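Because the structure is a prediction, the values reported are computed rather than measured. Naming convention: chains lettered A, B, ... in sequence-line order (proteins, then strands); numbering from 1 in each chain.
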2 protein chains.
Amino acid sequence: MSLSDLFGGDPVVSGQQVRVEPTQQRSTARLSGLLDAAAVVVDEVGFDRITTAMVAERAGASIGTVYRYYPDRVAVLQALRERAVLRFRQRVVEQLKTSGTETWWDAVDCAITAFVDLYRSEPGFRIVHFADRERAPISGSEDLESGYFAHQLAGVLAEEFGLHGGPDLIFRLEVAVEMADSILSRAFHSDPHGDERFIAECRRVMRDYLVGYYGPVAASV
Amino acid sequence: MSLSDLFGGDPVVSGQQVRVEPTQQRSTARLSGLLDAAAVVVDEVGFDRITTAMVAERAGASIGTVYRYYPDRVAVLQALRERAVLRFRQRVVEQLKTSGTETWWDAVDCAITAFVDLYRSEPGFRIVHFADRERAPISGSEDLESGYFAHQLAGVLAEEFGLHGGPDLIFRLEVAVEMADSILSRAFHSDPHGDERFIAECRRVMRDYLVGYYGPVAASV
DNA sequence: ACTTCTATGATCGAGTTCCGCTCGGTGAGC
DNA sequence: GCTCACCGAGCGGAACTCGATCATAGAAGT
């Protein structure tokens, strides 16, 4: 169970994301082009002022092309969100490899950093956010992005740093992810670069919360 | 500065909420009837599948009536949210009066309880949530519901329980409110009655977080 | 290899449907 | 009778469809 396995792959949440999987080369470019356009437009006009026509025009495509790939307006934004989350995971993996990761806190800290970077660099992410509660299926915990991510992170922390795994760890991590997401969302609400006070407080809260259960960082079990 | 002053009144956020303030008796009933209908419908079909026609029909009114009171579709949902938040404040005041409130923690605990009650009893609140980040003005902290509420709560805690007031207290309370909102949202996502594990964890997190800054509950100051 | 040739993927955009919202006309309250 | 409240057909615009048209990959022929 490598890091790439844990953090790669499709999110569980995705209903049928695209109507037709593109096979030709140009269409793959179209698809990502549509999402790029959607990202820019959603940043400019907001979540519910965005129209399919805007996205199409910005991407240099026609309306029909948008609907070839996405069943409706919101599906486009959902896809945008999912792509961003995928990039988040990749960034976490990247940072876990490069920076020396010795304790479980280093890993969590990496995730927070990646999250912040994502908010800063990914257009539209401020709007679509990390988890979409609205149209997630109302069943198990893993159907939520936070739950899914918590699940994965629990795997890493248990395997790589010997934290005691199991449902308790997953539960606490899900709580942690929810908290981090909300504080960081707040940090970026009024400040495109992220209010450092909230970001710092987020790290502190995460650390205190998890240390409370899993002991000081230095002597992780 | 009494409790009722602090928690009553209109939220700062509200743009023009209603177009015309109703003067006759029946129209007041219509207005709340519209919100009741909106609450039920939004629970059934979700935030962006709800149509003004649905609300009108469910309330036994016509389209025109909806638009007499609310400028657009989202304003209805915003009004629904604001009414719910108002009820929340009233509930907090009520509980602060009835249950013996001796320490600052009692007050915070009351707020959490009221929040949980609100999620349980207020239709549509699961969907419209506590704070509406999307269309809140992007400026100061008090423009957000969480910031506004934190501000008020800070006033109470400082005045009534002698906590050291000022911007730091407000900041920490805003972080606390954001965390509580997210954890409780999660608690109610898949369980209409609220997952007790998340609710309990919410209390614990709040307590630990605030105790870290303001000392043990027994010896407040 | 190099060129057709063709099945199918991809694109387009006018047209349809549906929804948000207006407004002039009608009824109810003071 | 004067104003407030209500209605609902109708308008504009956005979501979404669908058959016609173009592009591409890869097979078949030379």
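- In this structure, the salt bridge (Lys or Arg N to Asp or Glu O under 4.0 Å) partners of Arg126(A), at least two apart in sequence or on a different chain, are Asp43(A).
- As a whole-Å value, the separation of Tyr70(B) OH from dC6(D) C1' is 16 Å.
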- Query: Taking protein heavy atoms under 4.0 Å as touching, what does nucleotides 7-12 of chain D look like 5' to 3' if B marks base contact, S marks sugar-phosphate-only contact and - marks none?
  - Reply: BB----
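- Residues passing the salt bridge (Lys or Arg N to Asp or Glu O under 4.0 Å) test with Arg30(A), sequence neighbours excluded: none.
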- Spell out protein contact along nucleotides 15-20 of chain C as letters: B when the base is contacted, S when just the sugar-phosphate is, - when no protein heavy atom is under 4.0 Å; keep the 5' to 3' order. -----S
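- Checked against salt bridge (Lys or Arg N to Asp or Glu O under 4.0 Å), Arg207(A) has no partners two or more places apart in sequence or in another chain.
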- Task: Start with the C-alpha distance between Arg89(A) and Glu145(A), add both sets of side-chain angles, then the distance that settles salt bridge (Lys or Arg N to Asp or Glu O under 4.0 Å), and finish with yes or no.
- Result: CA-CA 12 Å; Arg89(A) 294 213 195 90; Glu145(A) 195 66 60; 2.8 Å; yes
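- Looking at residues two or more places apart in sequence or on another chain, you find a side chain to side chain contact (heavy atoms under 4.5 Å, CB included) between Arg172(B) and Glu201(A), Asp168(B), Tyr209(B), Tyr213(B), Tyr214(B).
- Checked against side-chain hydrogen bond (donor to acceptor under 3.5 Å, both in side chains), Glu44(B) has the following partners two or more places apart in sequence or in another chain: Arg58(B).
- Under the side chain to side chain contact (heavy atoms under 4.5 Å, CB included) criterion, His189(B) pairs with Arg133(A), Ala136(A), Ile138(A), Leu144(A), Arg186(B), sequence neighbours left out.
- For Glu196(A), the side chain to side chain contact (heavy atoms under 4.5 Å, CB included) partners are Arg120(A), Ile199(A), not counting sequence neighbours.
- A straight line from CD of Gln25(A) to C1' of dT11(C) spans 17 Å, rounded to a whole angstrom.
- Listed by chain and number, the residues in a salt bridge (Lys or Arg N to Asp or Glu O under 4.0 Å) with Asp195(B) amount to none (sequence neighbours excluded).
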Which atom pairs link the protein and nucleotides 5-9 of chain C when you take only N or O atoms and keep those under 3.5 Å?
{"unit_1": "dG9(C)", "atom_1": "O3'", "unit_2": "Thr23(A)", "atom_2": "OG1", "d": "2.9"}
{"unit_1": "dG9(C)", "atom_1": "N2", "unit_2": "Arg26(A)", "atom_2": "NH2", "d": "3.3"}

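- For Ser32(A), the side chain to side chain contact (heavy atoms under 4.5 Å, CB included) test picks out Arg83(A), with sequence neighbours left out.
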